[in-house]
Protein chains: 2
Amino acid sequence: MPTVSSEELAAAAGVNSAKLRKDFSYLGSYGTRGVGYDVEYLVYQISRELGLTQDWPVVIVGIGNLGAALANYGGFSARGFRVAALIDADPAMAGRPVAGMPVQHTDDLEKIISENGVSIGVIATPAGAAQQVSERLIAAGVTSILNFAPTVLSVPDGVDVRKVDLSIELQILAFHEQRKAGEEAAAAGSAPAPSAPSGDGGVADAPGGAGAAPVAAVEPPAGRAAAALRKNGPEGEVPAVMPA
Amino acid sequence: MPTVSSEELAAAAGVNSAKLRKDFSYLGSYGTRGVGYDVEYLVYQISRELGLTQDWPVVIVGIGNLGAALANYGGFSARGFRVAALIDADPAMAGRPVAGMPVQHTDDLEKIISENGVSIGVIATPAGAAQQVSERLIAAGVTSILNFAPTVLSVPDGVDVRKVDLSIELQILAFHEQRKAGEEAAAAGSAPAPSAPSGDGGVADAPGGAGAAPVAAVEPPAGRAAAALRKNGPEGEVPAVMPA
DNA sequence: ATGTCTTTGTGAACGCGTGCACAAAGATTG
DNA sequence: CAATCTTTGTGCACGCGTTCACAAAGACAT
C-alpha cells in the first residue's frame with residue numbers, strides 16, 4: 001500500500017478525518033490531492049517531527065524491580081531510545097549485570113551523564129530518593145525526566161517532568177467497574193442511586209464474576225469526621241488513603 | 001488541619017479554585033460556606049466515589065520483568081488493589097515464588113478468575129499473546145483490562161481496556177527535548193526553522209550535556225519514497241519505525 | 001488538451017470545558 | 001441578635017479544540 005487517504009487512516013485510528021488532515025497540515029503539506037499521503041514519506045516526516053529519527057541516550061536510576069523491567073523493556077530501543085547506563089545507590093548492586101549491562105553506582109552519576117551526553121533520565125527509585133536524584137540529574141545536565149516514583153518532583157524552569165503512576169490506571173478501571181456495578185444494581189431493582197453509585201449494598205455481586213464480591217477494606221472514621229458523616233453522609237462506611 | 005478551603009487545595013494542586021469547587025460539587029455539597037471542606041470527610045467521599053473503599057482483587061498475567069515489577073509494586077495495595085494471583089504460560093515459572101506468591105499456570109486461568117471474583121486483569125505478556133489472553137480473561141468474567149503489551153486489544157462492548165505504553169512517555173519527552181534543542185540552535189544564529197525544529201545540523205549539542213549529541217539512528221528510505229523525499233523534503237535523513 | 005473525479009487544506013461554526021464573578025449560606029464577633 | 005466576614009456553589013462568558021463543508025489542486029481518463 002504505497003499511499004493512504006486521510007479517510008482510511010482516520011477510520012483505522014478511530015478519529016475524524018478532518019482532524020487528522022488538520023493535524024498533518026501542521027507538519028507541512030505532505031499530501032497529494034486526489035491521491036492521499038505517501039505512506040513511507042509520511043512515516044518519515046512524522047518520525048522526524050517526533051524525534052524518532054534521533055538516537056536518544058537515557059539513564060535509568062533505581063534498579064529495583066521496576067528499573068530492571070524498564071532496562072529489559074524492548075519497546076525503548078524500538079523507538080530510538082538507547083539505555084546508556086543503569087544507576088543504583090546500593091553498593092551491592094554495583095557491577096551486577098542487568099539486561100546485559102553492569103549496574104553503576106550513584107557516585108558516578110554526573111560522570112555518566114556528561115560522558116554519554118544524556119539529556120533524558122528515568123527515575124525508578126523509591127519515593128524518598130526521587131527528589132534528590134532529580135536534582136543531581138538536572139545539575140549534571142539532564143533536562144527531561146520520566147518519573148515513576150510516587151512523588152511530585154519540583155524542578156527549575158526549562159526541565160520537563162512526566163510522572164507515571166501505574167496505580168492510577170488501575171484506579172480508573174476500578175472507577176468504571178464500580179459504575180458498571182452500580183448501574184447494574186440500580187437496574188436490578190434496588191434503590192436507584194441516580195448519579196452517584198451506591199457503594200454499599202448495591203454492589204453485592206462482581207459483574208460476571210463469581211459470588212465473591214469486593215469487600216470493604218478500611219475502617220470507618222472516628223471522631224469529628226464520624227460526626228460529620230452521621231450529619232449528612234449517606235451511610236457510614238470507610239475512608240481510604242488518597243496519596244500513594 | 002481539620003478543614004481546607006478550595007483556595008488552599010487549588011494552590012497545592014496547581015489548579016483553579018473555581019474548577020476545583022465545581023468538580024467537588026458533582027459529588028454533592030460537601031463543603032461548609034465560610035469554613036471550607038472537612039478534610040477527613042472529603043477524603044472519604046472522594047475515595048468512595050473513586051472506588052477506593054473497596055478491595056479490588058486483580059490478576060497479573062505474564063510474569064516477565066514487567067509482570068514481576070508490577071507484582072512487587074507497593075502502590076497497588078496502598079490504593080485498595082490486591083494481587084489475587086500471578087499467571088504465566090511458562091511451565092518453568094509455575095510454582096516459583098514472585099513477590100511472595102507462587103506463580104500459577106495459564107491452564108488454571110478461568111478457575112482463578114472465578115474463585116477470586118476477579119473483574120480486573122493486568123496483561124504484561126509479550127505482544128503476541130495479549131489478544132488471546134484478553135479473550136480468556138473476558139470469557140472468564142473479567143470486565144476491565146490494563147494492557148501493558150504493545151498491541152491494541154479488540155474486546156466486546158462493556159469491557160474497558162486501558163493501554164499503558166511506557167515508551168510513549170519517553171517519546172513525549174524526546175519531542176520536547178528536540179524542540180528545546182531546535183529553538184536553542186535557531187536562537188544561536190543558524191537557519192531559523194520557524195515552526196518545525198530542524199532535526200539536523202541544528203542539534204549539534206545536547207543542551208547542557210557534553211559534546212556527545214544524539215546521532216542519526218536509521219538509514220534513509222530508498223525507492224519511490226526516496227524520490228518523494230528529494231521532491232520536496234527538506235533533506236534526506238532517516239525514517240524510523242512508527243509501531244512498537 | 002480538456003473535463004471529470006478524488007482528496008487535500010482550511011475558513012467558519014459549533015460545542016465543551018475553564019475561569020470569572022457574585023449571590024447565598026453559614027460562621028464568628030460584639 | 002445584628003452585623004460582618006469568609007467561603008461555597010453556580011450562572012455566564014470567554015477561548016480553544018473539534019467538526020463541517022467547500023474551494024483549490026492534482027491525477028487520470030478520454
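Here is how names work: the chains are called A, B, and so on, in the same order as the sequence lines, proteins then strands, and each is numbered from 1. As the structure is a prediction and not an experimental result, all values here were calculated from the model.
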Protein and nucleotides 21-24 of chain D: nitrogen or oxygen contacts under 3.5 angstrom:
residue : atom : partner : partner atom : Å
D:dA21  : N6   : A:Arg21 : NH2          : 3.3
D:dA24  : N3   : A:Arg33 : NH1          : 2.9

Can you find a side chain N or O atom of [X] that sits less than 4.0 Å from OP1 or OP2 on [N]?
X: B:Ser25; N: D:dG9; answer: no
X: A:Tyr26; N: D:dG17; answer: no
X: A:Thr32; N: D:dG26; answer: no

Centroid-centroid under 6.0 Å between B:Tyr37 and B:Phe24 rings: yes

Nearest heavy atom decides the nucleotide; on that basis, is B:Lys22 or B:Val4 closer to the 5' end of DNA chain D? B:Val4

Rounded to whole Å, please give me the gap between CD in B:Glu7 and P in C:dG19. 13 Å

Taking only residues two or more places apart in sequence, or in another chain, which ones meet [X] in a salt bridge (charged side-chain N to carboxylate O under 4.0 Å, His left out)?
X: B:Arg33; value: none
X: A:Arg162; value: B:Glu169
X: B:Lys19; value: B:Asp23

Do any pairs count as a salt bridge (charged side-chain N to carboxylate O under 4.0 Å, His left out) and have a residue in residues 123-132 of chain A, sequence neighbours left out, and if so which ones? none

Would you mind telling me which of C:dG26, D:dT19, C:dT7 lies closest to the side-chain atoms of A:Lys19? D:dT19

Pair up each side-chain donor or acceptor in residues 121-135 of chain B with any protein partner under 3.5 Å, not counting sequence neighbours, and list the distances.
residue  : atom : partner  : partner atom : Å
B:Gln131 : OE1  : B:Ser154 : N            : 3.1
B:Gln131 : NE2  : B:Glu135 : OE2          : 2.9
B:Gln131 : NE2  : B:Ser154 : O            : 3.1
B:Ser134 : OG   : B:Gln131 : O            : 2.6

Name the nucleic acid region contacted by A:Phe24, choosing base, sugar-phosphate or nothing; use a 4.0 angstrom heavy-atom cut-off, strictly under. nothing

